[in-house]
Amino acid sequence: EGAGPQEYTLIKMELQEPFPEALKALKGKQVNLVAATLRPETMYGQTNCWIHPEIKYIAFETVKDGIFVCTKRAARNMAYQDFTTTDGEFKVLLEIVGQDLLGAAVKSPLTSYPIVYCLPMLTIKEDKGTGIVTSVPSDSPDDYAALLDLQKKPAFREKYNIKDEMVLPFKPVPILEIPEFGKLSAVHVYDKLKIQSQNDREKLTQAKEMVYLKGFYDGVLLVGEFKGSKIQDVKKNLQNRLVEQKSAVVYYE
Ligand code: A2H
């Protein structure tokens, strides 16, 4: 890790009715699952939301953005970044475990899928970001590996009560092109390195490095307002756009 704080874009993924049983007390309110990303320019390709089944999450009220769901650790950091009325303080509305959120429907900005679902990812770290990750299988090898695991293994879906229709219709979307890797770079490197599952950690680390650097310097957007532009030229503009339309907030840790 670098010396300074890391900036993340938190994508607001709005929970849809009917709320899961454990969140029924919040019915009628605006509840956002907030996913920490370094790649706001890839939000056109979201196919689902990742939750760790065993991590604990909380819901708390923000000043401007409705109710947020994330880890307690992230809420505490947000409380020192003007997300709550009193510096450093946040009120826990309820505590849940990831399992409670699995299968829930959310609405997320920019993606072509009107509704996406909360699915299990077992490699989510509790001590990074919000503990919630938005899935972009076209450009993130981790996301592609985890989505493929669920699509290939009915028993894995069953274990977490995930219905076929929450997983099977969701395909990686071509949203940016990297000269060497084509329009679905995560799929390309996954195949090239012969990755087998989300547990292939070494190969996935290698895959991430390959895609990340190339994507940042040579990647060109294929969709949206900045179609045809290089990622490095429009990354900040896209983050600003998401913040302006109240679909995202900026967060540091
Ligand atoms: B990224 P860094 Cl398209 N546990 O967003 C595991 N992974 C997490 C996490 C957690 N608690 N919180 C965030 N992340 C993921 C998009 C993306 C990301 C693409 C390509 C690469 C990529 C869509 N998922 O990250 O350790 C989030 O996934 C490659 C590293 O702070 C976030 O950005 O460097 C990234 O990891 C943050 O990782």
Side-chain angles (χ1 to χ4, degrees), residues 1-13 33-57 68-75 77-78 98 101 106 108-111 113 116 118-148 170 172-178 181 183-190 195 198-199 201 203-217 219 221-224 231-232 235 238-239 242 248 250-253:
E1 301 285 309
Q6 173 71 58
E7 179 189 283
Y8 291 97
T9 305
L10 301 188
I11 303 297
K12 291 160 69 177
M13 307 180 86
L33 276 55
V34 283
T37 182
L38 297 172
R39 308 282 312 272
E41 74 281 4
T42 66
M43 295 302 109
Y44 296 104
Q46 296 171 86
T47 58
N48 60 280
C49 171
W50 296 122
I51 299 285
H52 194 299
E54 271 121 48
I55 288 182
K56 283 186 191 144
Y57 298 90
F68 275 10
V69 174
C70 60
T71 57
K72 191 181 266 186
R73 178 192 151 280
N77 287 337
M78 285 181 226
L101 291 167
V106 296
S108 209
L110 299 185
T111 173
Y113 294 108
V116 299
C118 295
L119 304 177
M121 180 187 250
L122 306 175
T123 56
I124 289 184
K125 297 192 186 82
E126 179 147 31
D127 60 352
K128 170 185 295 209
T130 55
I132 297 177
V133 178
T134 184
S135 172
V136 183
S138 54
D139 291 275
S140 160
D142 277 335
D143 297 346
Y144 183 60
L147 184 60
L148 216 51
F170 296 90
V173 186
I175 54 160
L176 64 91
E177 180 158 21
I178 304 178
F181 300 145
K183 297 181 179 176
L184 294 172
S185 47
V187 177
H188 179 91
V189 294
Y190 182 97
I195 294 169
Q198 67 189 292
N199 302 318
R201 298 319 297 164
K203 284 184 181 174
L204 278 165
T205 303
Q206 199 187 336
K208 265 188 284 189
E209 279 162 10
M210 285 165 71
V211 178
Y212 192 73
L213 275 179
K214 283 260 185 320
F216 188 76
Y217 292 106
L221 272 170
L222 299 171
V223 293
I231 301 301
Q232 56 181 328
K235 197 185 183 85
L238 253 161
Q239 186 196 51
L242 284 163
V250 179
Y251 161 84
Y252 300 87
E253 65 178 37

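Counting convention: from 1, in listed order, for ligands and their atoms alike. In what follows, every heavy atom counts, from backbone to side chain, and hydrogens, waters and symmetry copies are set aside. This structure is a prediction, so every number in the text was calculated from the model and none was measured.
By the side-chain contact (heavy atoms from CB on, under 4.5 Å) test, Val34 pairs with Leu10, Lys12, Asn32, Phe68, Cys70, Met78, Thr130, sequence neighbours left out. Residues that satisfy the ring pair (Phe, Tyr, Trp, His ring centres under 6.0 Å) test with Tyr113, not counting sequence neighbours, are Phe170.
Considering both main-chain and side-chain atoms, Tyr212 never comes within under 3.5 Å of ligand 1 through any nitrogen or oxygen pair. Between Thr134 and ligand 1, an N or O atom pair is found at a separation short of 3.5 Å. Between Asp139 and ligand 1, a contact under 3.5 Å exists for no N or O pair.
For Ser140, the heavy-atom gap to ligand 1 drops under 4.0 angstrom. Ligand 1 lies within reach of Tyr8, whose nearest heavy atom is under 4.0 Å from it.
Residues Asn48 and Val106 are not in side-chain contact: their nearest non-hydrogen atoms beyond the backbone lie 4.5 Å or more apart. Looking at Glu41 and Gln239, their side chains never come closer than 4.5 Å, going by heavy atoms from C-beta outward.
Of all atoms in ligand 1, numbered sequentially from 1 with element shown, those under 4.0 Å from a heavy atom of Ile124 are 4 (N), 6 (C), 11 (N). Distances below 4.0 Å separate heavy atoms of Asp143 from the following atoms of ligand 1: 23 (C), 24 (N). Taking every heavy atom of Ala36 and a limit of under 4.0 angstrom, the matching atoms of ligand 1 come to 13 (C), 27 (C), 32 (C).
Remark: among candidates Val133, Asp127, Ile55, Thr123, the nearest residue to atom 15 (C) of ligand 1 is Val133, based on non-hydrogen atoms. Closest heavy-atom approach to atom 26 (O) of ligand 1 within the set Gln46, Lys128, Lys125: this belongs to Lys128. Selection from Thr205, Ile132, Leu38 by nearest heavy atom to atom 35 (C) of ligand 1 gives Leu38.
Within 6.0 Å of the NZ atom in Lys56, the count of heavy atoms belonging to other residues, nucleotides or ligands does not exceed 12.
A donor-acceptor pair is defined here as one N or O able to donate and one able to accept, closer than 3.5 Å; such a pair exists between the side chain of Lys235 and the backbone of Leu38. Looking at Ser140, its side chain never comes within 3.5 Å of a backbone N or O of Val136 through a donor-acceptor pair.
Aromatic ring pairs are classed by plane angle as parallel below 30°, tilted from 30° to 60° and perpendicular above 60°; the pair Tyr144 and Tyr190 is perpendicular.
At a heavy-atom cutoff of 4.0 Å, ligand 1 is contacted by the side chain of Thr42 but not by its backbone.
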